[in-house]
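Read the structure below first, then the notes.
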Amino acid sequence: MSAQGNGAFLEYHEPDIVSILTLISFFFFLAVSEWVADKVLRAGLIGQIIVGLIYGVPIGNILALEWQETFLALGYIGLIIIIFEGGLTIRLDLLWQNLCLSTSAALLGVLTPIALTFALFYAGFGYGPLEAFIVGTALCSTSLGTTFVVINSASSKHDFAQTRVGTVLISAAILDDVCGLVLVSVISQLRDIENANLGWVIGQPILASGLMAILTPLAAKFVLGPLFRLPAIETRFFRKFGHVANMVLMVLVLCAFLAIAAYAGASVLFGAFLAGTVVSSLPSKQHVRPSEVSDTTDLNTNAKQQRPTFGDTFERCIQDAQRFILQPCFFASIGFSIPFIELWTGEVIWKGIVFTILMVSGKLVVGLVIPLWDLIANTSEKAFSTPSARLNWSSAAFLGTAMVARGEIGLLIIQIGLNETPYLSRKAFVIAVWAIVLNTVIGPVSVGTLLNRFGSTVAEDPRWGIQSINDGGEVNRKSEVVSEGTGTVAP
């Protein structure tokens with residue numbers, strides 16, 4: 001299609017049959033590959049990455065370049081929505097209670113891969129220190145999109161986002177993303193390192209992320225919450241218009257946080273997560289006590305008066321588009337970005353596999369924070385033989401394997417290092433891509449296999465599984481289904 005010279009409108013032309021059939025086949029194989037990979041590997045996203053490889057530049061280049069760029073943009077919107085959903089459904093009470101543990105896990109997950117990369121690339125393979133730093137930065141990240149998708153699709157029996165270990169996992173992955181953003185800022189300034197103000201380069205994303213993390217819950221509690229409870233807003237708008245009102249609020253909050261994060265120098269993905277937590281902290285359902293309902297007619301009347309929750313609106317208005325269009329485009333776009341042909345040389349293969357093993361180990365050690373945390377707790381209680389000490393290894397394995405996938409964040413960082421600095425060689429770039437790709441495959445497959453066998457053990461663990469809330473607002477160490485981010489026990 002070509003635009004008129006005066007730019008007044010875009011000429012409408014019927015797409016040719018080849019283009020139509022190509023697009024149909026692309027989305028068809030994205031759906032089929034997800035189903036096959038889920039049945040075979042317990043990780044449907046692997047099939048979508050492979051379809052992206054075949055249809056994109058790396059192998060077949062079947063899709064036109066402008067289509068690939070379009071699907072990449074749509075996929076990134078899908079990633080933002082995936083992370084927004086994670087913030088919308090996360091247990092805020094568990095998030096704050098385990099912030100210290102999550103920070104420890106995140107630091108371990110960042111520092112260990114960087115240290116191992118320096119040991120292998122600098123001392124073993126003979127690359128320079130800046131080159132090792134760039135590669136280590138790319139491999140210290142955790143794929144947020146993959147983490148949320150793995151948690152959501154892991155099991156139909158349990159919601160692992162409502163478990164204590166799931167909350168620690170999400171928080172650690174978010175913190176990893178913030179650390180990755182800081183290191184990306186440093187890498188992008190390496191091309192002009194003599195003139196760069198490294199203090200501000202490093203400090204800006206840290207300061208922006210920290211201020212957003214501090215001010216967001218304060219604004220939600222003391223500004224947005226009271227405004228939302230005003231009768232003129234809650235009754236006349238949200239209860240009257242239901243899903244439409246909820247949708248308008250979610251879009252406005254999400255766009256506001258994306259803009260704030262981008263212009264402040266923080267990660268837009270971090271902004272999307274905070275937007276989800278803000279929405280989940282708002283009261284979104286008027287509960288009716290059974291004693292207040294006299295008969296079926298009253299029950300139906302009260303049900304009509306209740307407005308839908310934000311989770312209900314997300315499922316009704318957004319989830320299908322996310323699951324069948326945006327999310328597949330996101331994982332296909334990862335396939336677009338893999339230099340597949342360059343991976344297949346002898347030296348690159350064996351070095352890539354060795355590096356992959358090291359990087360898998362660098363994230364698996366994150367799971368050790370769980371038995372160590374239990375050991376400290378059991379030592380203080382002088383109860384080394386408690387059930388939690390015997391059952392927590394499945395939770396530790398879940399945390400470690402779920403942190404393995406690097407995905408889009410790793411590919412983004414390594415390509416910045418290649419394209420925007422003079423320090424990363426092509427061979428080191430391809431070795432790093434080997435590790436990123438294999439980790440993105442190994443992580444979801446391992447998590448799917450683990451939860452297929454030990455999912456109930458993880459979810460029902462008294463210390464690390466699903467936690468309930470008692471009347472006093474404290475966490476009970478027993479397994480009960482808990483509602484969305486509010487932290488209340490589900491009816």
Side-chain angles (χ1 to χ4, degrees), residues 1-41 43-82 143 145-146 149 153 317-345 405-412 414-416 418-419 426 429-430 433-434 436-438 440-441 444-445:
M1 298 181 188
S2 60
Q4 284 285 350
N6 60 10
F9 63 93
L10 183 69
E11 290 185 0
Y12 183 88
H13 295 284
E14 181 182 282
D16 61 273
I17 188 62
V18 175
S19 300
I20 293 174
L21 293 178
T22 299
L23 290 173
I24 291 174
S25 66
F26 176 65
F27 284 102
F28 172 75
F29 285 118
L30 281 177
V32 172
S33 64
E34 181 190 18
W35 181 82
V36 173
D38 184 62
K39 293 295 182 182
V40 176
L41 302 174
L45 59 92
I46 303 301
Q48 294 170 341
I49 293 175
I50 294 174
V51 172
L53 273 171
I54 296 172
Y55 273 77
V57 173
I59 297 180
N61 203 19
I62 299 172
L63 294 172
L65 185 60
E66 56 266 25
W67 288 356
Q68 295 183 45
E69 293 173 348
T70 300
F71 291 144
L72 190 149
L74 288 175
Y76 201 78
I77 293 175
L79 172 61
I80 288 173
I81 294 177
I82 289 171
S143 173
T146 304
V149 170
S153 61
C317 303
I318 303 176
Q319 195 168 65
D320 287 344
Q322 173 199 346
R323 179 181 176 186
F324 297 111
I325 302 294
L326 300 178
Q327 182 176 304
C329 285
F330 164 63
F331 289 112
S333 68
I334 293 179
F336 296 161
S337 305
I338 298 173
F340 184 77
I341 303 300
E342 298 183 40
L343 298 177
W344 305 102
T345 62
R406 269 50 169 209
E408 75 291 344
I409 306 296
L411 288 173
L412 173 65
I414 201 65
Q415 291 197 25
I416 289 176
L418 178 68
N419 299 325
R426 193 79 181 183
F429 165 77
V430 177
V433 170
W434 254 112
I436 292 169
V437 172
L438 289 182
T440 305
V441 173
V445 171

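Numbers here are sequence positions counted from 1. As the structure is a prediction and not an experimental result, all values here were calculated from the model.
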List the steps and the verdict of side-chain contact (heavy atoms from CB on, under 4.5 Å) for T22 and W67.
-> CA-CA 11 Å; T22 299; W67 288 356; 4.3 Å; yes

Which is it for L343 and I338 under the side-chain contact (heavy atoms from CB on, under 4.5 Å) test, yes or no, and what are the steps along the way?
-> CA-CA 9 Å; L343 298 177; I338 298 173; 4.2 Å; yes

List the steps and the verdict of side-chain contact (heavy atoms from CB on, under 4.5 Å) for T146 and F331.
-> CA-CA 9 Å; T146 304; F331 289 112; 3.8 Å; yes

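Taken from CG in L23 to CG in L63, the straight-line distance is 7.0 Å, to the nearest 0.5 Å. Taken to the nearest 0.5 Å, the CG atom of L21 stands 9.0 Å off from the CG atom of D16. Between the CZ atom in R406 and the CD1 atom in I334 there is a gap of 13.5 Å [rounded to 0.5 Å]. Here CD1 of I77 is found 10.0 Å from SG of C329. Values are rounded to the nearest 0.5 Å. To the nearest 0.5 Å, atom CG of residue L72 and atom CD of residue Q68 are 9.0 Å apart. In this structure, OG in S333 is found 12.5 Å from CD in E69, a value given to the nearest 0.5 Å.
Aromatic ring centres of F71 and F26: separated by under 6.0 Å.
Here the shortest heavy-atom pairing between L326 and G78 reads CB-CA, 3.6 Å. The two residues V57 and N61 make their nearest non-hydrogen contact at CG2-OD1, 3.6 Å. Among all heavy-atom pairs drawn from I20 and P15, the shortest one is CD1-O, 3.6 Å. A pairwise comparison of heavy atoms in G335 and P58 identifies O-CG, 3.2 Å as the closest pair. Of all heavy-atom pairs spanning I82 and G145, the tightest one is CG2-O, 4.0 Å. Shown here for G407 and T440, the closest heavy-atom pair between the two residues is N-OG1, 2.8 Å.
For S25 and Y55, the side-chain atoms include at least one donor-acceptor pair closer than 3.5 Å. Looking only at atom types and distance, the side chain of S143 has a donor-acceptor partner in the side chain of E408 under 3.5 Å away.
Between P444 and L45 there is a side-chain heavy-atom pair separated by less than 4.5 Å. At least one side-chain heavy atom of F9 sits less than 4.5 Å from a side-chain heavy atom of E11. The shortest distance between side-chain heavy atoms of I54 and F29 does not fall below 4.5 Å.
A donor-acceptor distance shorter than 3.5 angstrom exists from the side chain of W344 to the backbone of F340, with no hydrogens or angles considered.
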